[in-house]
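Quick notes on the structure that follows.
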Amino acid sequence: MVKIILKDIHNLHKIDVYESNGGYKALKKAVKKMKPDEVIEEVKKSNLRGRGGACFPTGLKWSFMPKGNEKPKYLCCNGDESEPGSFKDREIFEKNPHQFIEGTLIACYAMGVKTAYVYIRGEYYKWIKLLQKAINDAYKEGYIGEKIFGTKFSADIYIHKGAGAYICGEESALMNSIEGKRGYPRVKPPYPAKNGLWGNPTTINNIETISNIPEIINKGGDRFASVGAPKHPGTLLFGVSGHVNKPGVYELETGIPLMTIINDYCGGVLDGKEIKMVIPGGTSMPPLTKEECMTIKMDDASLKKIGSGIGTAGVIVMNEDTDIVKVLIRITKFYYHESCGQCTPCREGCGWMLRLLKRIDEGKGRMEDIDMLVNVANNIEGNTICAFGEAAALPVKWTIKKFRKDFEARIKEVDLKLPPKNIVHALR
Amino acid sequence: MLTNKEIKKINEIKSHYPDEKAALLPLLWIIQEKYGWISEEAMRYAGDLLNIPYEQVLGVATFYTMFNKKPTGKFHLQVCTNVSCMLRGGYELFKYIEDKLKSENSESLFTIEEVECLGSCATAPMMQVNNKEFYENLTKEKVDEILEYFRKSTKKEN
Ligand SMILES: Cc1cc2nc3c(=O)[nH]c(=O)nc-3n(C[C@H](O)[C@H](O)[C@H](O)COP(=O)(O)O)c2cc1C
Ligand code: FES
């Protein structure tokens with residue numbers, strides 16, 4: 001397996017170890033030997049797609065930034081990482097922060113950016129400290145700051161600490177949060193490349209996306225494009241949690257079969273049980289049934305074909321004893337809690353979905369409630385300023401579509417034969 | 001409310017942004033680290049320092065869940081119950097701690113709160129304490145030990 005980010009090198013988080021393993025060579029190559037446009041071309045060639053959930057082609061996104069210098073330009077690195085089931089960016093801050101810093105600087109050079117902000121969720125107290133230490137070291141060595149490698153290129157990197165709001169991971173809410181405001185998403189267009197931070201051209205990229213850049217510059221875009229699934233190349237940091245024997249973050253090539261990840265890397269399903277449901281990419285991605293799990297390959301194109309998506313590659317595995325109604329309640333409770341409240345369909349709809357689900361769970365549900373849930377979800381989807389609406393609606397729609405029997409059984413009070421001491425049952 | 005040294009720190013942070021208002025979140029963080037929560041007085045102070053109306057500071061402080069709008073116990077236990085933690089016993093853990101605190105009458109020392117996913121799903125169940133350290137792969141025995149440790153650490157201080 002190719003490893004691009006989480007390489008097996010002891011103490012790679014230290015700047016001297018990073019340097020002695022070829023670190024900051026890509027930055028040197030970019031600023032000394034390449035024109036900014038050539039860097040963007042190389043990233044386009046690599047076919048790198050955003051790792052923040054939407055899979056947008058990174059090179060294309062960078063090319064939207066205006067070329068001139070009339071206005072200051074900004075880069076925001078998105079380390080909000082608050083989608084339940086996602087915990088991969090934290091691994092980069094801990095194990096390979098300099099590769100991320102190097103990628104950030106190359107991105108700044110390519111787009112003519114002088115200031116990059118790294119937005120990190122406030123809960124990552126420890127990881128903010130780790131990254132700050134790495135940034136300080138890179139400043140000391142002259143990789144960040146004025147006249148990098150003796151060229152005209154200068155850039156600063158600052159960490160901006162969040163304070164507990166999932167919505168701040170949405171790119172326009174993130175920019176408002178940096179500006180010192182409530183994390184409200186903005187209406188688009190105008191898009192950030194035209195009208196972002198303080199009304200200036202801005203690009204937002206995920207931490208993992210940026211961390212791939214040095215490899216692309218070092219070895220070339222074509223080489224990167226040849227790794228993993230052709231339409232979604234490279235590696236992904238799969239964060240596997242739930243009912244597996246060895247949960248954790250595994251860097252694996254895109255297109256790897258889900259069951260290989262579960263069985264060969266994660267030691268199989270906990271207690272040797274069967275799979276009931278798997279969420280492939282954080283809670284906003286529609287779930288997979290056991291049958292789908294058996295054949296699915298983990299890349300965006302393959303998952304899209306069956307109505308789901310790779311999201312943040314946060315894989316949540318649930319075994320045969322799992323109470324699906326309770327799981328969906330917990331997911332919906334999250335979105336209800338995190339809705340920013342700007343758009344009525346989302347603010348009110350999430351509350352309605354939660355109340356309907358609870359009613360079903362308490363045995364007071366009616367058969368019509370199931371379709372009503374889908375109806376409410378349909379009325380959220382597409383009717384909100386940002387994609388939070390979809391994030392909240394899709395799990396409800398698809399869980400019901402794929403596990404309708406579980407909901408009907410709860411309403412009919414049929415015993416699902418779940419073990420009495422099922423740990424999932426104790427929902428408050 | 002803040003010392004000269006802390007004001008200097010804020011001025012340094014202001015220089016990271018073209019608009020001083022962007023220093024609001026960092027400033028609220030500094031205040032909360034010092035006092036444990038953010039009072040109305042603190043919000044007015046923050047507004048004066050950055051030329052932001054009090055109402056707007058209030059709007060921001062109440063939007064973000066990590067800013068405490070009232071004082072907490074000395075140890076603020078933030079237990080995750082989101083899906084991955086729930087699958088690994090997050091709710092049992094929450095209930096266990098809640099009952100334990102009640103029965104030991106230690107609710108003034110400890111505040112327990114149910115929180116959303118903290119990005120530690122592979123080491124579930126878990127909790128964060130005072131917005132800082134993560135305590136992962138928790139069991140009841142581990143929790144007993146951790147709470148005991150906190151209790152002792154305050155005794156030493158007195
Ligand atoms: C509700 C919501 C939450 C999001 N949270 C995150 C997040 O925590 N981290 C992230 O990188 N992207 C998140 N995104 C996606 C960002 O808006 C944006 O697409 C992404 O950061 C772009 O980076 P990429 O092109 O490198 O993927 C979120 C989107 C939505 C709608
Ligand atoms: S679900 Fe608890 S840390 Fe992610």
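Below, all heavy atoms of this structure are taken into account, side chains as well, without hydrogens, waters or symmetry copies. Computed from a predicted structure; not experimentally measured. Reminder, nothing fancy here: chain letters follow the sequence lines and each chain counts from 1.
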Does a sphere of radius 6.0 Å around OH in B:Y96 hold more than 12 heavy atoms from other residues, nucleotides or ligands, not counting ones at 6.0 Å or beyond? yes
Do you know which of B:C80, B:P18, B:C85, B:A61 has the most heavy-atom pairs with chain A at a distance under 4.5 angstrom? B:P18
Against chain B, label A:S86 side chain, backbone, both or neither, depending on which of its atoms sit under 4.5 Å from a heavy atom there. backbone
Passes side-chain contact (heavy atoms from CB on, under 4.5 Å), A:C168 versus B:Y64? Steps please. CA-CA 10 Å; A:C168 289; B:Y64 295 94; 3.7 Å; yes
Start with the C-alpha gap between A:R121 and B:L118, add the side-chain angles, then the distance that decides, and say whether side-chain contact (heavy atoms from CB on, under 4.5 Å) holds. CA-CA 9 Å; A:R121 62 180 304 182; B:L118 291 170; 4.2 Å; yes
Output for pair (B:N82 CG, A:H337 NE2), nearest 0.5 Å, gives 11.0 Å
Near A:E146 CD, under 6.0 Å, is it more than 12 heavy atoms from other residues, nucleotides or ligands? no
Any residue of residues 121-132 of chain B which, by heavy atoms, sits under 4.5 Å from chain A: B:C121, B:A122, B:Q128, B:N131, B:K132
Measure distances from A:V317 to the heavy atoms of chain B and classify the residue's part below 4.5 Å as side chain, backbone, both or neither. backbone
Around atom NZ of B:K142, are there more than 12 heavy atoms from other residues, nucleotides or ligands closer than 6.0 Å? yes
Contact origin within A:L197 toward chain B - heavy atom pairs under 4.5 Å: neither
Under 4.5 Å, heavy atom to heavy atom: which of residues 29-51 of chain B reach chain A? Give them by number, or say none. B:W29, B:E33
With a 4.5 angstrom heavy-atom cut-off, could you sort out which part of A:I128 is near chain B: side chain, backbone, both or neither? neither
When rounded to the nearest 0.5 angstrom, what distance separates CG in B:L24 from CD1 in A:I178? 13.5 Å
With chain B, which of A:K246, A:E81, A:K181 has the greatest number of heavy-atom pairs at distances under 4.5 Å? A:K181
The reported gap from NE2 in B:H16 to CG in A:D156 (rounded to nearest 0.5 angstrom) is 8.0 Å
With B:T62, which residues qualify under side chain to side chain contact (heavy atoms under 4.5 Å, CB included), at least two apart? A:R182, B:L58, B:K69
Mind ranking A:L270, A:V240, A:V249, A:T115 by heavy-atom pairs under 4.5 Å with chain B and telling me who comes out on top? A:L270
Nearest heavy-atom pair of B:V83 and A:M318: which atoms, and what distance? CG1-CE, 4.1 Å
With respect to chain B, which residue among A:G248, A:G314, A:G122, A:G341 yields the maximal number of heavy-atom pairs within a distance under 4.5 Å? A:G122
Would you find more than 12 non-hydrogen atoms of other residues, nucleotides or ligands less than 6.0 Å from B:N4 atom CG? no
Does NZ belonging to B:K14 count more than 12 external heavy atoms closer than 6.0 Å? yes
Could you tell me the separation between the CD atom of A:E123 and the CZ atom of B:F134, rounded to the nearest 0.5 Å? 7.0 Å
Under 4.5 Å between any side-chain heavy atoms of B:R88 and A:S241, yes or no? no
Anything under 3.5 Å between a donor and an acceptor, one on a side chain of residues 158-165 of chain A, the other on a protein residue two or more places apart or in another chain? List them.
unit_1, atom_1, unit_2, atom_2, d
A:H160, ND1, B:Y17, OH, 2.6
A:H160, NE2, A:S177, O, 3.3

Between B:K21, B:E133, B:E116, which shows the greatest number of heavy-atom pairs under 4.5 Å with chain A? B:E116
Side chain / backbone / both / neither for B:V115 at chain A, heavy atoms under 4.5 Å: backbone
Test item: A:R90 side-chain N/O and B:G119 main-chain N/O as donor-acceptor pair under 3.5 Å: yes
Turns out that what part of A:E179 lies under 4.5 Å from chain B's heavy atoms comes down to backbone
Would you give the length of the straight line joining atom OG of B:S84 to atom NE2 of A:H243, rounded to the nearest 0.5 angstrom? 9.5 Å
Where on A:Y166 is there a heavy atom nearer than 4.5 Å to chain B: the side chain, the backbone, both, or neither? neither
